[in-house]
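Because only heavy atoms are used, hydrogens play no part in the values below, and waters and symmetry mates are left out as well, while side chains stay in.
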Amino acid sequence: MTTAWMDVAAGRGALGIGLIVAGVVVVAMLIGAFWLGARIRRRELPPPTPEEQPQLPEDGPVREVLENREPDEVPRSDHRLTPHESPAFGNSPTRTGPDKERPRWTEGSSGSFGSGGPGGR
């Protein structure tokens, strides 16, 4: 019997033990993460009861508002306005415009240029 076989056997045994130790460490970390998550979950507020849930308004759900908007004029002054001096802090302010009928296609027209329709009358 030679010592080479003993060296090979010892090397494989150490590798096997190392894999087992690594597996135990991974399992311990997973158990620890689960335990920590459970602790944090216990400290959170419980879900709201049905009485605490938001309720619809008396007149029903809020509807979409359809209106025409037009831009406000920039105030005239002798010096140039910087964005923080302008109304709405640099954003383009708008106001409700008069109700206008939206332009619609004429009957028999395609509504776009070059689409093969009969064109303008």
Side-chain angles (χ1 to χ4, degrees):
M1 185 165 223
T2 63
T3 58
W5 287 102
M6 294 174 78
D7 291 338
V8 171
R12 288 184 182 169
L15 180 65
I17 291 173
L19 289 175
I20 290 173
V21 169
V24 169
V25 168
V26 167
V27 168
M29 288 177 64
L30 288 172
I31 291 172
F34 181 78
W35 176 76
L36 182 64
R39 269 186 63 189
I40 291 172
R41 176 102 185 198
R42 268 187 261 130
R43 281 189 271 153
E44 290 178 352
L45 293 173
T49 62
E51 295 81 29
E52 296 171 339
Q53 296 288 336
Q55 302 293 324
L56 275 176
E58 297 270 336
D59 53 349
V62 179
R63 301 284 183 218
E64 178 182 4
V65 176
L66 184 63
E67 64 183 4
N68 291 321
R69 304 288 295 175
E70 57 185 33
D72 279 338
E73 296 295 325
V74 177
R76 304 244 182 232
S77 65
D78 294 337
H79 72 283
R80 184 176 180 181
L81 293 177
T82 58
H84 71 274
E85 293 173 328
S86 66
F89 300 103
N91 297 322
S92 177
T94 61
R95 63 179 183 269
T96 303
D99 288 336
K100 295 184 221 171
E101 188 66 30
R102 290 179 53 199
R104 298 288 181 193
W105 294 316
T106 57
E107 189 64 36
S109 173
S110 65
S112 65
F113 178 74
S115 63
R121 296 181 196 199

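Between Pro50 and Gln55 the shortest heavy-atom distance is O-NE2, 4.0 Å.
Between the CD atom in Glu51 and the CD atom in Gln53 there is a gap of 9.5 Å [rounded to 0.5 Å].
Between the side chain of Arg95 and the backbone N or O of Arg69, no donor-acceptor pair lies under 3.5 Å.
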